[in-house]
Number of protein chains: 2
Amino acid sequence: MQPPYHRLEEFVTLSADEAEIVKGWAANRREVKRYRAIRREGEPVAAVYFLMEGWVGSSLMLRDGRRQIVKVHLPGDLLGFPSLALASAGETLEALTDAVVCPLPPGVVGKILAENPRLAAGLFLSTQKERVALMQQLAWVGATSALERLIAFLLDLHDRLVAANLVKDGSFEFPLTQQHLGELLGLTTVHVNRTLRRLDETGLVERSRARMRIKDVQELREAAATVAPLFAGQEAWNRLGNPS
Amino acid sequence: MQPPYHRLEEFVTLSADEAEIVKGWAANRREVKRYRAIRREGEPVAAVYFLMEGWVGSSLMLRDGRRQIVKVHLPGDLLGFPSLALASAGETLEALTDAVVCPLPPGVVGKILAENPRLAAGLFLSTQKERVALMQQLAWVGATSALERLIAFLLDLHDRLVAANLVKDGSFEFPLTQQHLGELLGLTTVHVNRTLRRLDETGLVERSRARMRIKDVQELREAAATVAPLFAGQEAWNRLGNPS
DNA sequence: CGGTTACTTGACCATTCTCAACGCCGGTGG
DNA sequence: CCACCGGCGTTGAGAATGGTCAAGTAACCG
């Protein structure tokens, strides 16, 4: 199977040199078992991570033990970047399936910023894309009902799984527990359960073990409270490159 | 009054050249009246903005008209960066007070990425800081009660106002309506009102017209559900510059 | 096959929302 | 200068979405 470099080429096509740099990351693989932490909040910021295989959650812990999952990462994602601005890590990275990550010391990022403007622009835009995703999630969680949140998340997940080539025959692996969904969407496990049941009673999705199928993506989109933003791809890079 | 460049120097001290670049931004000032949009969702991504004076809100609109404010920006903030990754703007930027912004075409950002690695690293880290802030807000909104959300927001605002030198004698201007607070925290106006009353009945804050005073910041911090993250400042830049 | 973990369901509870009315304050026009 | 108007803030009563507690069931793992 091809390493998931799709997200790195989304905004800037990589030159041969740049592709070499990226491939070099794979030299350092770290395998992580399901539910194990890759890095916890409060630990030193020793690296960022390229997610090679598996799913990983980024979460914040509140003082009383409640937890908010802020992102479910899929293969090809870069993890841990926000903590580069912090004195110690601000997010816990936890494997949601068995996973493989490639740790990149902050110096690698610095070197790219210093020496490779194209790749730097790609990273920069990728980071902005993540900000948009966070803004969207905040909108779901802050302004919509349980059902709408679930729909919005499933659609977003679906689209990202398609991009990562992980949807087969319209269905995909779904390793999240209902507890995870609750912590992601700001709901209790019990209510996630009821809402999920409602969703598949209406025939919009089908759950079986650790798989899920969205039966009619178009119909589900119409039930969603937000419209997925349209990313600019290459055009974003062109804008950066053509000061007016 | 000094232009608010504090946020640009947070991670990387600017060289004389770099300071010149930044000062050059001020050449192009755009004044915006309170409640006027600087840029709406869906419009072309013509620029990002440096906020010179005043407060600005970034918000997303849902299909049914509900709105989520994702950030209240203060002087010194850079606005509109997430939309650089999008085909058309993903957030509406609305002046919450009379404001002055300096529009920067995307090409200016591209030029910095291409030619000025130090400034680029500063921007990059600033952006990561914003991501951390968004993650925190998501945690408040997703995982805490109305009272805790309000406290968390007020503390965060307070700290940022202090950094921008906008707190005088322990009190600060507070131009947000209760509706804004609701849209920011995922609550209705009515409930914001009740919660605010509860807050000042307990004597933790004092409201008068368009000002607010936090009577005991330390005590309020103890009542908060999250701990504000510690930003790395210069150290973050050092990490980037010293690949291990 | 036993034990653990996740999922499911029910009954009850509470935080927050909805709807509605009213008061205050600032601005505007006569 | 005063009267009106509109926006914002405030308060009350009742409804509802989602939370809590609890128990039971199904799936998975060693």
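By convention in this document, chain letters (A, B, ...) are assigned in the order of the sequence lines, proteins followed by strands, and residues within each chain are numbered from 1.
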Polar-atom pairs under 3.5 Å, protein N or O versus N or O of nucleotides 18-20 of chain D: list them with distances, or write none.
residue	atom	partner	partner atom	Å
dG18(D)	OP1	Ala146(A)	N	2.9
dG18(D)	OP2	His191(A)	NE2	3.4
dG19(D)	OP2	Thr188(A)	N	3.2
dG19(D)	OP2	Thr188(A)	OG1	3.1
dT20(D)	O4	Arg194(A)	NH2	3.4

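- Look at CZ on Arg34(B): it is 12 Å from C1' on dG26(C), rounded to the nearest Å.
- A straight line from OH of Tyr35(B) to P of dG6(D) spans 18 Å, rounded to a whole angstrom.
- In this structure, Arg36(A) does not pair ionically with Glu94(A), as no charged nitrogen and carboxylate oxygen lie closer than 4.0 Å.
- Ion pair Arg34(B)/Asp98(B) not flagged as a salt bridge, since none of the NZ, NE, NH1 or NH2 atoms sits closer than 4.0 Å to an Asp/Glu carboxylate oxygen.
- Proximity of Asn193(B) to the phosphate of dG9(D): no side-chain N or O atom is located under 4.0 Å from OP1 or OP2.
- Arg160(B) and Asp77(B) are joined by a salt bridge, as a carboxylate oxygen and a charged side-chain nitrogen come within less than 4.0 angstrom of each other.
- Note: His180(B) and Tyr35(B) meet the aromatic proximity criterion, with ring centroids under 6.0 Å apart.
- Using a 4.0 Å cut-off between charged nitrogen and carboxylate oxygen, Arg7(A) and Glu130(A) count as a salt-bridge pair.
- For Gln68(B) and Ser59(B), the side-chain atoms include no donor-acceptor pair closer than 3.5 Å.
- If you run ring-ring contact (aromatic ring centres under 6.0 Å, His included) between Trp25(B) and each of Tyr49(B), Phe50(B), Tyr5(B), only Phe50(B) comes through.
- Note on Arg66(A) versus Glu183(A): no salt bridge recorded, every NZ/NE/NH1/NH2 to OD/OE distance being 4.0 Å or above.
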message = Can you build the contact string for nucleotides 25-30 of chain D? Use B for base contact, S for sugar-phosphate-only contact, and - for no protein heavy atom under 4.0 Å.
response = ------
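- When the P atom of dT18(C) is taken as reference, atom CG of Asp64(B) falls 11 Å away, rounded to whole Å.
- One side chain, Ser145(A) or Glu148(A), offers a donor N or O that lies under 3.5 Å from an acceptor on the other.
- With rounding to whole Å, Leu185(B) atom CG is found 11 Å from dC17(C) atom P.
- Not one side-chain nitrogen or oxygen of Gln179(B) sits closer than 4.0 Å to the OP1 or OP2 atom of dC8(D).
- Atom CG of Leu181(A) is separated from atom C1' of dT8(C) by 15 Å (rounded to the nearest Å).
- Between the P atom of dA6(C) and the NE2 atom of His180(A) lies a distance of 8 Å, rounded to the nearest Å.
- If you take CG of Leu196(A) and P of dA6(C), they are 15 Å apart, rounded to a whole angstrom.
- For the OP1/OP2 pair of dC17(C) and a distance below 4.0 Å, the side-chain nitrogens and oxygens of Arg66(B) include no atom meeting the criterion.
- Comparing the axis of the opening five pairs of the helix from dC1(C)-dG30(D) to dG30(C)-dC1(D) with that of the closing five pairs yields an angle of 40°, rounded to 10°.
- Without hydrogens or angle criteria, Arg211(A) side chain to Ser171(A) main chain gives a donor-acceptor distance under 3.5 Å.
- Between Arg197(B) atom CZ and dT15(C) atom P the separation is 15 Å, expressed in whole Å.
- Side chains of Thr189(B) and Gln178(B): no donor on one and acceptor on the other come within 3.5 Å.
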